[in-house]
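The structure appears right after this line, and notes come after that.
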Amino acid sequence: MSNNFKGIAASNGIAIAKAYLLVDPDLSFTKTTITDVTAEQARVDDALKAASADVEIIKSRAEKNLGADEAQVFEAHLMVLSDPEMSGAFKQKIADDKVNAEQAVKEVTDMYIGMFEAMTDNAYMQERAADIRDVTKRILSHLLNVALPNPALIDEEVVLVSKDLTPSDTSQLDRQFVKGILTDLGGRTAHASIMARTLEIPAVVGSEVATQKITAGVTVIVDGLTGDVIVDPDSETLATYQQKAANYLAQRAEWALLKDQQSVSADGKNFVLGANIGSPKDMDAVLENGSEGVGLYRTEFLYMESDHLPTEDEQFVAYKAVVEKMAGKPVTVRTMDIGGDKNLSYWKLPKEENPFLGYRAIRISLDQTEIFRTQLRALLRASAYGNLWIMFPMIATLGEFRAAKKVYLEERAKLEEAGVSMGEIKLGIMIEIPAAAVLADKFAKEVDFFSIGTNDLIGYTMAADRGNDKVAYLYQPYNPSILRLISNVITAAHNEGKFVAMCGEMAGDPIAVPVLMGMGLDEFSMSAPSVLQTRSLMKKLNTADMKLLAEKALDAETNDEVIALVEAATK
């Protein structure tokens, strides 16, 4: 008997596979007194060998997916597992106290973790505490003969089921095996959703019940088009969804024919469809999907995937690779947006009650100017190799933009004096704080372009945390209040002859696209796999009709009313 429930459709496609539960298992145990010390010590040796074998596989997968530098963290885990002092301490504890291996491992590793965490003046040593925690969990899993789930160890086709997915989880996903993603938590703008779209893995998030209703190994259908989830389907349901999956693949093949065509409406108006990326590794998808630019290069991933602040040369190489591959098409680079939910292991930010309202993005850059100057120099040097635009995130006031531009101009002057080759760069801001959206007419006189970051703009306008299921109902991208802010920004930009883009998830949303076309948005930037679907949609829509739709949407009262207007206008 099938067991159906719904979540939020987060990444298009149909996935049908066995469930793989990525949830922490029960690693509890009872302290016991043992008599055979040698046998218990042998259990430790076996567990250490098995744990090392696991980590070798994880390290190999991480090198394949992320590169050698990012996989170095697992080298540290291997060093801990092979440390004779650590294994010797386990065995000595067993011999001295006559305790079982699990208890010996727990007591010894707790001692090391406490020691490293106490080194508050040494960030590197504090990080080793996290390494030992991970290693301890793996050793205990083998001692207790309990499977420890890890996405890097998946070697068969599965639907990944989890409460939520962290950036480190998603970085290890292999599209060859992970056919679908299903979570209890999250929304369309959560990290797991964005990564699923980038990897082209069908996903349903925010189901609330997935980990409770699904057991490992059962067949699961994940419908990333509608948000439907079917557990243990009967043969008739299975056949229906297999056909639906085939139809969707056929639809994608039809969209692929648009790869080299322009993004143009039914009445001949051109738009720019760009792609959002996190690193040069994402460029294959950008080119395969016929993107007309990179509308958002999230440079913070350079910082997050490193164990140190990236040097000027390291950043230059990454930026140069992207602008060269785009061969003259615009690449819009967002300067470092660290803070909020994006932290660095090697640089401790202050603890804050409201980190999303605190010390992040441009606020850090203007405070830690050497870090900012390093990034700007790398960007300026890379601009010689293509069409590079720079935008500053989280701008709230004109003073912040002017201060950031001043630093930029100072670094440009220094490089010019040194004879360094550079290209022309457009300088803009992300509109993601309502204060900037309201004052867009003043900003438009000073910036070269705007890029509307709807993920944060919606959250800040509605005072709703997009990751909090309790207030998820307030995350309303089509709410007329949001649409009015967006319209204000577009009008202000166009009154000054300036270009306006959108790089939030709303830019690739089939409900939002018709309204945004009617408002006159110039560029829509989204996950690369959404580009061709959006191009197909645009070709069916007349901008004169969409302008009337936009006027009605701006005059609407609710999010649902706007959805109904769009559905009626695009039948």
Side-chain angles (χ1 to χ4, degrees), residues 9 12 225 247-248 250-275 289-293 295 329-330 440 449-452 454 476-495 497-571:
N12 289 344
L225 301 167
N247 292 344
Y248 178 70
Q251 176 68 78
R252 289 196 54 176
E254 186 179 319
W255 291 334
L257 299 176
L258 301 175
K259 175 186 172 184
D260 298 318
Q261 295 189 24
Q262 290 185 318
S263 303
V264 60
S265 68
D267 56 328
K269 179 173 172 55
N270 282 91
F271 296 92
V272 177
L273 289 186
N289 286 282
S291 304
E292 294 160 312
K329 293 177 181 176
F449 68 96
F450 290 136
S451 185
I452 305 171
T454 52
Q476 301 178 7
Y478 327 117
N479 189 292
S481 63
I482 304 297
L483 299 181
R484 290 184 185 191
L485 286 174
I486 292 170
S487 179
N488 187 59
V489 173
I490 294 171
T491 299
H494 289 173
N495 284 345
K498 303 295 175 64
F499 186 88
V500 58
M502 179 179 289
C503 60
E505 290 303 307
M506 194 172 168
D509 185 330
I511 295 292
V513 167
V515 179
L516 297 172
M517 288 175 66
M519 289 181 182
L521 184 70
D522 298 310
E523 177 181 278
F524 299 66
S525 190
M526 61 202 70
S527 300
S530 298
V531 168
L532 294 175
Q533 181 180 357
T534 304
R535 184 169 294 156
S536 175
L537 173 60
M538 284 180 164
K539 285 181 175 293
K540 301 170 186 174
L541 303 176
N542 184 297
T543 54
D545 295 337
M546 295 308 101
K547 185 175 181 182
L548 292 174
L549 168 64
E551 289 172 357
K552 291 179 182 177
L554 289 168
D555 194 44
E557 295 180 353
T558 68
N559 191 78
D560 290 343
E561 187 181 341
V562 173
I563 294 173
L565 285 168
V566 174
E567 290 175 345
T570 57
K571 279 182 180 178

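Position 1 is the first residue of the sequence, and the numbers go up from there.
The distance from the CD1 atom of Ile490 to the CG atom of Leu485 is 11.0 Å, given to the nearest 0.5 Å. A distance of 7.0 Å separates CG of Leu537 from CE of Met517, quoted to the nearest 0.5 Å. Rounding to the nearest 0.5 Å gives a distance of 11.0 Å between CD of Glu292 and CD of Gln261. Asp267 CG to Thr543 OG1: the interatomic distance, rounded to the nearest 0.5 Å, is 3.0 Å. With rounding to the nearest 0.5 angstrom, the CE atom of Met546 is 12.0 Å from the CG atom of Leu516. Taken from NZ in Lys547 to CG in Asn542, the straight-line distance is 12.0 Å, to the nearest 0.5 Å.
Residues Val531 and Gly274 share a closest heavy-atom pair of CG2-O, 3.7 Å. Nearest approach of Val566 to Pro514, heavy atoms of both residues: CG1-CG, 4.1 Å. Nearest heavy-atom pair across Pro480 and Ala556 is CG-O, 3.3 Å. Between Arg484 and Asp555 the shortest heavy-atom distance is NH2-CA, 4.3 Å. The two atoms that bring Ala501 and Leu521 nearest to each other are C-CD1, 3.8 Å, heavy atoms only.
Asn289 and Ser291 form no side-chain donor-acceptor contact under 3.5 Å, judged by distance and modelled atom types alone. When only modelled atom types and interatomic distance are considered, Asp560 and Thr558 share no side-chain donor-acceptor pair under 3.5 Å.
The side-chain heavy atoms of Leu548 and Glu551, taken from C-beta on, include a pair separated by under 4.5 Å. Under the 4.5 Å side-chain criterion, counting only non-hydrogen atoms from C-beta, Ser527 is in contact with Glu505. Here the side chains of Gln476 and Val562 are not in contact, with every heavy-atom distance at 4.5 Å or above. The shortest side-chain heavy-atom distance between Tyr478 and Val515 does not fall under the 4.5 Å cut-off.
Dense packing is recorded around CD of Glu561, with more than 12 heavy atoms of other residues, nucleotides or ligands lying under 6.0 Å away. Heavy-atom contacts from other residues, nucleotides or ligands closer than 6.0 Å to NZ of Lys539 number more than 12.
Residues satisfying the side-chain hydrogen bond (donor to acceptor under 3.5 Å, both in side chains) test with Arg252, not counting sequence neighbours, are Glu200. Applying the ring-ring contact (aromatic ring centres under 6.0 Å, His included) test to Phe499 and every residue at least two apart in sequence or in another chain returns Trp389. Contacts of Ala440 classified as side chain to side chain contact (heavy atoms under 4.5 Å, CB included), with partners at least two apart in sequence or in another chain: Phe450, Asn488, Val489, Ala492. Considering only residues two or more places apart in sequence or on other chains, Asn559 meets the side-chain hydrogen bond (donor to acceptor under 3.5 Å, both in side chains) condition with none of them.
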**Message:** If you apply the rule side chain to side chain contact (heavy atoms under 4.5 Å, CB included), what do you find for Val500 with Ile452, and how did you get there?
**Reply:** CA-CA 8 Å; Val500 58; Ile452 305 171; 4.1 Å; yes
**Item:** Step-by-step side chain to side chain contact (heavy atoms under 4.5 Å, CB included) determination, Thr570 to Lys540
**Value:** CA-CA 9 Å; Thr570 57; Lys540 301 170 186 174; over 6 Å; no
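With hydrogens and angles ignored, the 3.5 Å screen pairs a side-chain donor or acceptor of Arg535 with a backbone N or O of Leu258.
The only option from Val264, Asn270, Leu273 that meets the side-chain contact (heavy atoms from CB on, under 4.5 Å) definition with Met538 turns out to be Leu273.
Among pairs with a residue in residues 535-571, none fulfils ring-ring contact (aromatic ring centres under 6.0 Å, His included), at least two apart in sequence or across chains. Contacts classified as ring-ring contact (aromatic ring centres under 6.0 Å, His included) and involving residues 514-559 (residues at least two apart or in different chains) are given here: Phe271-Phe524.
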